[in-house]
Amino acid sequence: MVTPQVIVVGSCMTDLVSVTPRLPKAGETIHGSKFFIGFGGKGANQCIQAARLGVKTSMVCKVGKDSFGNDYIANFTKNHVSTDFVGQTAEAATGAASIIVNAEGQNAIVIVAGANLLLDSEDLKRASTAISRANVLVCQLEIRPEISLEALKMARSSGVKTIFNPAPAVAQLDPEFFTHSDIFCCNESEAEILTAAPVNSPQEAGTAGALLLEKGCKVVIITLGGEGCVILSQEDPTPKHISTNKVKAVDSTGAGDSFVGALAYYMALYPHLCMEDMVKRSNYIASVSVQTAGTQTSYPHRAELPQGMF
């Protein structure tokens with residue numbers, strides 16, 4: 001059993017993607033031009049990006065006893081992610097997202113969380129030794145929130161650094177999520193839901209970030225897509241806008257997960273770097289991911305990046 005440096009407790013989803021000229025109306029059947037199956041789910045995405053940068057990672061998740069579940073386990077193995085804590089259940093199907101994308105890149109998505117919602121306290125207990133020995137634990141909200149919170153508490157009680165990505169966001173988030181997050185990392189729309197404040201610019205992101213800091217997080221990072229991100233911390237509550245290099249985006253799906261995975265990598269292996277430096281590097285890695293189509297297929301490996309990043 002490997003002792004992971006980064007452990008992710010979260011979701012796996014199989015993406016079933018159909019490309020069509022336009023989204024169909026109710027009751028209508030239309031022809032699409034392309035269909036493909038991809039690997040997704042915020043937890044797995046973040047884990048795989050961290051692994052591709054060269055850190056020992058382990059995934060704590062649940063898939064179905066079905067072909068999608070088997071394929072997902074094989075995908076983890078191929079990406080050098082430990083599957084010691086990937087459970088398979090006969091009681092639900094592997095999580096799936098049916099995605100229709102039109103010619104303009106707009107999409108309509110139906111997510112069926114399936115086996116993700118069956119990840120429970122027993123699964124966390126089985127992974128407790130690995131969690132307590134990790135450098136960084138990462139959680140999101142695509143599994144039951146109480147399981148994510150329990151994982152954050154387990155990590156914290158062992159002095160393990162925590163990254164919490166409150167996605168998809170809910171307005172009434174348990175206050176303990178804030179106090180158990182070393183890094184609270186969300187995008188602009190999630191920040192709006194959590195604070196009820198508009199976030200349409202780096203300035204507004206700073207205002208929303210200050211509201212999140214008040215709730216007890218140590219560091220808040222609000223990602224702003226092509227605009228980079230804004231960071232603030234208890235130690236330095238003045239918002240800092242960190243811009244990113246401008247690139248031509250082909251497909252921004254999963255860029256936020258690429259950022260979180262990269263951040264986990266730097267926190268685990270380069271804890272001496274200042275937060276600003278880690279964020280700049282993570283921004284760069286996420287900007288590479290948007291220049292290629294697909295989600296995990298667009299995540300760069302260490303060898304494909306400038307070696308000055310390491």
Side-chain angles (χ1 to χ4, degrees), residues 6-13 40-51 53 55 57 59-61 95 97 111 113 116 119 131 134-153 155-156 160-171 173-174 176-195 199 205 208-209 212-213 215-225 228-233 252-268 275 278-279 282-283 285-286 289 295-296 299:
V6 170
I7 193 157
V8 180
V9 177
S11 57
C12 304
M13 299 270 181
K42 292 180 191 300
N45 289 348
Q46 294 168 11
C47 194
I48 279 176
Q49 178 62 90
L53 296 174
V55 66
T57 59
M59 187 76 201
V60 181
C61 65
I111 287 178
N116 288 298
L119 190 69
I131 290 173
N135 301 27
V136 178
L137 171 122
V138 187
C139 284
Q140 323 73 26
L141 289 174
E142 280 187 336
I143 57 174
R144 294 203 327 258
E146 61 270 27
I147 301 302
S148 290
L149 185 54
E150 191 182 334
L152 291 169
K153 287 179 174 177
R156 262 296 180 76
V160 176
K161 289 269 182 271
T162 57
I163 301 178
F164 177 54
N165 171 221
V170 287
L173 189 63
D174 186 320
E176 288 195 283
F177 274 110
F178 300 102
T179 52
H180 287 85
S181 303
D182 288 307
I183 309 276
F184 190 93
C185 180
C186 59
N187 67 18
E188 56 267 70
S189 67
E190 289 149 8
E192 284 188 350
I193 291 167
L194 292 161
T195 62
V199 181
L212 293 170
L213 269 190
K215 294 175 189 274
C217 322
K218 285 192 179 172
V219 177
V220 173
I221 302 174
I222 298 179
T223 58
L224 304 168
C229 58
V230 168
I231 60 173
L232 358 48
S233 64
S252 64
T253 316
D257 295 333
S258 170
F259 177 88
V260 172
L263 189 61
Y265 164 83
Y266 285 113
M267 281 176 67
M275 187 48 62
M278 291 189 197
V279 165
S282 302
N283 261 346
I285 289 165
S289 83
T295 304
Q296 290 176 17
Y299 290 174

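As a basis for the values below, the full set of heavy atoms in this structure was taken, side chains included, without hydrogen atoms, waters or symmetry mates. What you see is a predicted model, and the numbers here were worked out from it, not measured in a lab.
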Using the test side-chain contact (heavy atoms from CB on, under 4.5 Å), find all partners of [X] that sit at least two apart in sequence or belong to another chain.
X: Glu176; result: Leu149, Lys153, Asp174, Thr179, His180
X: Ala255; result: Ser289, Val290
X: Ser148; result: Cys139, Ile143, Phe177

Between atom [atom1] of [X] and atom [atom2] of [Y], what is the distance when rounded to the nearest 0.5 Å?
X: Phe259; Y: Asn45; atom1: CZ; atom2: CG; result: 15.5 Å
X: Cys61; Y: Ile147; atom1: SG; atom2: CD1; result: 13.5 Å
X: Ser181; Y: Leu152; atom1: OG; atom2: CG; result: 5.5 Å
X: Leu232; Y: Ile221; atom1: CG; atom2: CD1; result: 9.5 Å
X: Gln49; Y: Ile285; atom1: CD; atom2: CD1; result: 6.0 Å
X: Asn135; Y: Met267; atom1: CG; atom2: CE; result: 9.5 Å

For the residue pair [X] and [Y], what are the closest heavy atoms and their distance?
X: Tyr265; Y: Val55; value: CD1-CB, 3.7 Å
X: Cys217; Y: Leu212; value: SG-O, 3.4 Å
X: Ile131; Y: Val160; value: O-CG2, 3.3 Å
X: Leu119; Y: Gly10; value: CD2-O, 4.4 Å
X: Ile7; Y: Ala134; value: CG2-CB, 3.9 Å
X: Ala208; Y: Val199; value: CB-CG2, 3.7 Å

Between [Y] and [X], is there a side-chain heavy-atom distance shorter than 4.5 Å?
X: Val6; Y: Cys47; value: no
X: Cys229; Y: Val279; value: yes
X: Leu141; Y: Leu173; value: yes
X: Cys186; Y: Thr223; value: no

Are the side chain of [X] and the backbone N or O of [Y] linked by a donor-acceptor pair below 3.5 Å?
X: Glu190; Y: Ala167; result: no
X: Glu142; Y: Lys42; result: yes
X: Ser282; Y: Leu263; result: yes

Candidate pair Ile193 and Val170, rule side-chain contact (heavy atoms from CB on, under 4.5 Å), full reasoning | CA-CA 7 Å; Ile193 291 167; Val170 287; 5.8 Å; no
Would you sort out whether Ile163 and Leu137 count as a side-chain contact (heavy atoms from CB on, under 4.5 Å), showing the intermediate values?
-> CA-CA 6 Å; Ile163 301 178; Leu137 171 122; over 6 Å; no
Could I get the full list of salt bridge (Lys or Arg N to Asp or Glu O under 4.0 Å) partners for Lys218, not counting sequence neighbours?
->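 Checked Lys218 against salt bridge (Lys or Arg N to Asp or Glu O under 4.0 Å); matches are Asp182.
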Return the set of residues passing salt bridge (Lys or Arg N to Asp or Glu O under 4.0 Å) with Lys215 (not counting sequence neighbours), or none when no residue passes.
->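 So Lys215 forms no salt bridge (Lys or Arg N to Asp or Glu O under 4.0 Å) with any residue.
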Kindly indicate, with the supporting measurements, whether the criterion side-chain contact (heavy atoms from CB on, under 4.5 Å) is fulfilled by Thr162 and Ile183.
-> CA-CA 6 Å; Thr162 57; Ile183 309 276; over 6 Å; no
Step by step, would you call Ile48 with Thr57 a side-chain contact (heavy atoms from CB on, under 4.5 Å)?
-> CA-CA 8 Å; Ile48 279 176; Thr57 59; over 6 Å; no
Taking only residues two or more places apart in sequence or in another chain, which ones pass side chain to side chain donor-acceptor pair (under 3.5 Å) with Gln46?
->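 Partners of Gln46 under the side chain to side chain donor-acceptor pair (under 3.5 Å) test: Gln140, Asn165, Asp257.
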